[in-house]
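Some notes on the structure that comes next.
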2 protein chains.
Amino acid sequence: MRSYGQYCAIAKSLDLVGDRWTLLIVRELLLSGPRRYTDLRNALPGVATNLLAARLRELEDAGILRSESAPPPVATTLYALTERGAALEPVLRELGRWGVPMMAAGPAADDHFRSHWLSFPVSEFLSDRDPDSPPLAIELRAGEDPVTVEVRDGAVHLEPGPAADPGLVLEASPHVILGLFAGALDLAGARARGLRTRGDAALLGRVRPEAV
Amino acid sequence: MRSYGQYCAIAKSLDLVGDRWTLLIVRELLLSGPRRYTDLRNALPGVATNLLAARLRELEDAGILRSESAPPPVATTLYALTERGAALEPVLRELGRWGVPMMAAGPAADDHFRSHWLSFPVSEFLSDRDPDSPPLAIELRAGEDPVTVEVRDGAVHLEPGPAADPGLVLEASPHVILGLFAGALDLAGARARGLRTRGDAALLGRVRPEAV
DNA sequence: CCGCATCCGGGGCGATACTG
DNA sequence: CAGTATCGCCCCGGATGCGG
């Protein structure tokens, strides 16, 4: 990207990560860990393949990520954030926080969705209100792949993939899941809009008492 | 800007503020308050005038700023952030924090500089270590226009313009001022690199004890 | 199939000129 | 002062090709 030519911390940051797609690539690596080229391409619907390759090279040159050759049986190159790249997490967190209100209207007609994109809203809205209880796993099915909300020791963390032993499974559209987390819907309202649960729905109260 | 088409809080944010120059316009309005078109143009060296006009229109449509007709004697339109626009401050703060290390190398040959761009590094590095002392004003002369660091009641705030009654005046290149604040230089080292002071230099210890 | 490189059309961007 | 108009270029999006 062309430099702004300003001796300003914000402008210097944008010189590196202000390009189109750049911060979304960092988002993927932050949420999902080291990924292959094809995984990134699949997680970023709409990105041109040449552009993705160019961005990865620029980000590597900038020290934000590094490409490492994975050990067998993967035997391919993985792209992983460096410490410097992982330091962008607060930037993405604040961008996510600012963007949450724009999710309330629901997805646009041709919006894509990946389950792990819920991670930022989840950490924004959920918290472990009962840190002394045993660990709890809540599985979310809002897109193609399930994600698991792990609740333990006072912390809430989202992990891609299904839960091994979920105390609760929530299945609904992303919009309804978000409404439930953000407070726009309670359990009854969410059920009326298509939410299906399995397990003890009252367990939701541990992370979102207002919803139960 | 073309939408990313992703039902994700970060992507939705970038749909609105991911365009080139957009966040720098918000930066100016955050740091300097409502500004006229020409002021913005001057504070954003390198921006094309048509592009600035287009961005202002887009930002107004997005509810991030509004144009208000100023009362006499100004008699012109002022651009001011809305509450929604001001809510971008944490995003810029984190971008600034992440960008500070890139300032250590000093400005590039053709970098522009405006004094109030120091605001984010200032709030990052300085703090009022002696809240019970009377208010203190430190005037910085690092660019064309002076800026004032106001220290009172435990808070540090930067305001454009000279100080009415500065307890201390620091005059140096932006690079040296930053080095002094960030800890790369102490007072002696900064003086060796061109720092000139007026007033009681020991007053700097109130906000940066390590430097004295 | 994976990981790109190449090519091409269109639009965003940069620089300057011009106008009310 | 506050923009609009114009033009050239480069970035971006989409498709295809190609070696490993």
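Just so we're on the same page: letters track the sequence lines, and every chain starts at 1.
- Here A:Y79 reaches the OP1 or OP2 of C:dC4: one of its side-chain N or O atoms lies under 4.0 Å away.
- Between A:R41 and A:D19, the residue anchored nearer the 5' end of DNA chain D, judged by the nucleotide with its closest heavy atom, is A:D19.
- If you check C:dA15, D:dA2, D:dG14 against the side chain of A:A48, the one that comes closest is D:dG14.
- Among the nucleotides C:dC4, C:dC13, D:dA2, the one closest to any side-chain atom of B:T76 is D:dA2.
- Checked by distance alone, A:T38 brings no side-chain donor or acceptor within 3.5 Å of a matching partner on the base of C:dG3.
- Between A:R20 and D:dG13 there is a side-chain N or O to OP1 or OP2 distance below 4.0 Å.
- Listed pair A:W21 / D:dG13 meets the phosphate criterion, a side-chain N or O lying under 4.0 Å from OP1 or OP2.
- Taking atom CG of residue A:L44 and atom C1' of nucleotide D:dG13, one finds them 14 Å apart after rounding to whole Å.
- Looking at B:N50, its side chain has no donor and acceptor atom pair within 3.5 Å of the base of D:dG3.
- At whole-Å resolution of the value, CG in A:L51 and P in C:dC7 are 17 Å apart.
- Listed here is the closest heavy atom pair of B:L185 and B:V176: CD1-O, 4.0 Å.
- Donor-acceptor pairing under 3.5 Å is recorded for the side chains of A:E28 and A:W117.
- Of the residues near DNA chain C, B:T49 and B:M1, the one whose nearest nucleotide (by heavy atom distance) lies more toward the 5' end is B:M1.
- In this model, the phosphate group of D:dC1 is not approached by any side-chain N or O of B:R35 to a distance below 4.0 Å at OP1 or OP2.
- Atom CG of B:D110 and atom C1' of C:dG14 are 15 Å apart (whole Å).
- Nearest nucleotide to the side chain of B:A53, out of D:dT4, D:dC12, C:dG3: D:dT4.
- In plain terms, the two heavy atoms of B:H175 and B:P107 that are nearest each other are CB-CD, 4.1 Å.
- Geometric assessment of A:R114 against the ring of B:Y7 yields a negative cation-pi assignment under the 6.0 Å and 45° thresholds.
- There is no side-chain donor-acceptor pair under 3.5 Å between A:S173 and A:R193.
- Between A:Y4 and C:dC13 there is no side-chain N or O to OP1 or OP2 distance below 4.0 Å.
- Nucleic acid contact for B:R2: sugar-phosphate only, since backbone atoms but no base atoms lie under 4.0 Å from a heavy atom of the residue.
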